[in-house]
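Here is the structure we will look at.
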2 protein chains.
Amino acid sequence: MSKMRRTTLQDIADIVGMTKMTVSRFLKDPNLVAESSRKDIQTAIDKLGYIPNKAPNILSKGRSHAIGVLFPSISNHVFDEVLRGIESVTEPAGYQIMIAHYAYSPELEEKRISSLLGYHIDGLILSESVHSPNTHRMIKSSGVTVTEIMDTCTPPIQQAVGFDNLAAAKQMTLNMLEKGYKNIAYIGAKGDIRDLLRRQGYEEAVLSYQLTPLIFRSPEFSSIRLGSEILDDILSMDPKVDGVICTNDDVAMGVLLSCKKKGINVPKPELGVTGMHGHDMGQLYSPALASVITPRFLIGQVAAEQLLARIDGLQNIETYIDLGFTLHDGESI
Amino acid sequence: MSKMRRTTLQDIADIVGMTKMTVSRFLKDPNLVAESSRKDIQTAIDKLGYIPNKAPNILSKGRSHAIGVLFPSISNHVFDEVLRGIESVTEPAGYQIMIAHYAYSPELEEKRISSLLGYHIDGLILSESVHSPNTHRMIKSSGVTVTEIMDTCTPPIQQAVGFDNLAAAKQMTLNMLEKGYKNIAYIGAKGDIRDLLRRQGYEEAVLSYQLTPLIFRSPEFSSIRLGSEILDDILSMDPKVDGVICTNDDVAMGVLLSCKKKGINVPKPELGVTGMHGHDMGQLYSPALASVITPRFLIGQVAAEQLLARIDGLQNIETYIDLGFTLHDGESI
DNA sequence: TTGAAAGCGCTAACAC
DNA sequence: GTGTTAGCGCTTTCAA
């Protein structure tokens, strides 16, 4: 290990024969130092390869210009677009984002948040609206600015940006019921509060038609594979099932692929299938997957805008920002 | 904005009537302080909600216990498994990872690296083997430990962990040629050096059969949509094409979906299709997608193991670690 | 236009 | 077992 120390302002100052204060001023704005010194300083910086050290500022000002983003899972493609939305705001504003994920585990979420707070992040975007007591305590005592995304049903710590998961699932279920489906099942997965909300929406819709809810929840995370494997269980448990509301597009795609393999016709006359979020995969498949289109990019964008504004002192906080959703029938119901 | 200051060791020390040094010792190992003091200190910590501040250590020791991970794109599912492999090592070792991505742009990569180095990351995992001169300079002058993943064809900065992309594409192409395909096209996308390597492997294989390479490269990033849209171009340009080697599974899936819509039979007698990486989606589809199965989890795991070992002073560096790949015929060729 | 001193929070090293 | 001192690299403040 080369025990080389990183270049500091002092190293540069030594070369040009000035104090580090002058070099610091040059870095902030070259006009702050004498014209004659500028060239020398720049030359020394280039030669030594100076990389500004953020630790001193974090230490003395308690601000890092970094914001933490917690996603439950990096393989859930829902968050691809959300992240792009966040970055469309943080990038031009000069904030570095630190992404972490926690496999839908509140304990891991707690560890991640604690670690991120150790780096003095200025803001935090959470994808979950339910947290451990410790998480609440840490957030409160650190004074970090927080926005929770994806869901607007649960009371947020400070602010929520998302859509109404319960209403989305409910409307999609009503949509199928109106089309004449009689035995609609719900397929959930190991996951989060949003899955529960969607399930509740499904239940409310089914009950409003005086029908009996039929719910399947896997102990596994949602995936295409899960959807493809769970269909057998459903049909063996209740062969009359003529429609399934899936917790997301991945599970729904698994169901569609499984139907294809088994020769089950979608949608008519055998099985209607719906997903959630409206990813490309489902839209390009034949039959195109019915899904709830959610404003994922916008959620990320608005969440980040709100977060940065509040870090900068915005007082007027809208507690809930609901960005809506759209039903898309596709060809699978 | 509450101008509250975060709890420090001094705050706790003040409560229990000792110096912060004692509290610091307690945090490191409770046995280092008198039994009588322990309870008081713990109580104060709980009450105030102390969160350790990492900045002082970063400042004084130049170590952050954080490693930076750069992915070209967060929507490229190839990296899901790689990340899981990395975390399987960093998590138990107590390292926080900071993920950033750069949309395949060397300029953005440079910005991200510069930002991460500002936080004094101890190690850096890069997914690209070609970098801007500035990136090379920064890495050198910062002295950060680096591992480059995915590709073992290009000379690495310090160490490469991956597989041979050129050989993978070449073997898959030869595989198709042996099966009797005569007019195989290659579909690339906007991307990275690995796409170029695969293209080269394809070319070498085709030329070894005295055939003419036929290459399509989109200026867009690879996606299912891209694959589904590019098929028309290919067939209108050269209707004799009887097989396509796609740069990855997403593009290949797009091609398969497009074939389905157009009534083109895969594989016989019309079009053979292959992808790269062997994701679930392609494996579950009918016909199952032919693909090169790559050891993505293992790449992440080995890269992280090597990186941490080297941060801890390991001297014996294997410059190239090739973890191989497997051809999978599926039902699409 | 430049310099000197102090301080952010923590811990290593050295007292006692 | 506990306290004291110094210092990590930078910027803010005050002085020249």
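In what follows, chains carry the letters A, B, and so on, assigned in the order in which the sequence lines appear, proteins first and then strands, with residues in each chain numbered from 1.
No contact: A55(B) has no heavy atom under 4.0 Å from any strand. Contacts of K20(A) with the nucleic acid, taken as non-hydrogen atoms under 4.0 Å apart, include base atoms. Among the protein residues, F26(A) comes within range of no part of the nucleic acid, since none of its heavy atoms lies under 4.0 Å from any strand.
Comparing Q10(A) and E35(B) by the nucleotide of DNA chain D that holds the closest heavy atom to each, the one mapping nearer the 5' end is E35(B).
Judged purely by distance below 3.5 Å, without hydrogens or angles, the side chains of S115(B) and Q96(A) pair a donor atom with an acceptor atom. With no hydrogens or angles considered, no side-chain donor-acceptor pair links D195(A) and Y104(A) at under 3.5 Å. Counted by atom type alone, S37(B) and D40(B) present zero donor-acceptor pairs between their side chains at under 3.5 Å. Between the side chains of Q159(A) and Q306(A), at least one donor N or O lies within less than 3.5 Å of an accepting N or O. Using a 3.5 Å distance cut-off with no hydrogens or angles, the side chains of Q315(B) and R310(B) do not pair a donor with an acceptor.
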Criterion side-chain hydrogen bond (donor to acceptor under 3.5 Å, both in side chains) on E110(B) and H131(B), from CA distance to verdict: CA-CA 8 Å; E110(B) 190 179 311; H131(B) 314 280; over 6 Å; no
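Each end of the helix from dT1(C)-dA16(D) to dC16(C)-dG1(D) gets its own rotation axis from five pairs of C1' atoms, and the angle between them is 40° to the nearest 10 degrees.
Counting only residues at least two apart or in different chains, ring-ring contact (aromatic ring centres under 6.0 Å, His included) contacts with residues 20-69 of chain A comprise H65(A)-Y95(A).
Out of dT4(D), dG3(C), dG9(C), the shortest distance to the side chain of N53(B) is found at dG9(C). Counting only heavy atoms from C-beta on, K61(A) has its side chain closest to dT12(D) among dT12(D), dT2(C), dC10(C). Side-chain atoms of M21(B) lie closest to dT11(C) of the nucleotides dA4(C), dT11(C), dG9(D). Closest contact between the side chain of L59(A) and the listed nucleotides dT12(D), dC8(C), dT13(D) involves dC8(C). Of the candidates dG3(C), dT2(D), dT12(D), dT2(D) carries the atom nearest the M18(B) side chain, counting heavy atoms from C-beta on.
Remark: S60(A) is not in phosphate contact with dG9(D), judged by side-chain N or O atoms under 4.0 Å from OP1 or OP2. Residue S24(A) places no side-chain N or O under 4.0 Å from the OP1 or OP2 atom of dC10(D). Contact annotation: S37(A) side-chain N/O to dT2(C) OP1/OP2 distance is under 4.0 Å. Remark: Y50(A) is in phosphate contact with dC10(D), judged by side-chain N or O atoms under 4.0 Å from OP1 or OP2.
The distance from atom CG of L9(B) to atom C1' of dT5(D) is 16 Å, rounded to the nearest whole Å.
Between the side chain of R6(B) and the base of dG9(C), no donor-acceptor pair of N or O atoms lies under 3.5 Å.
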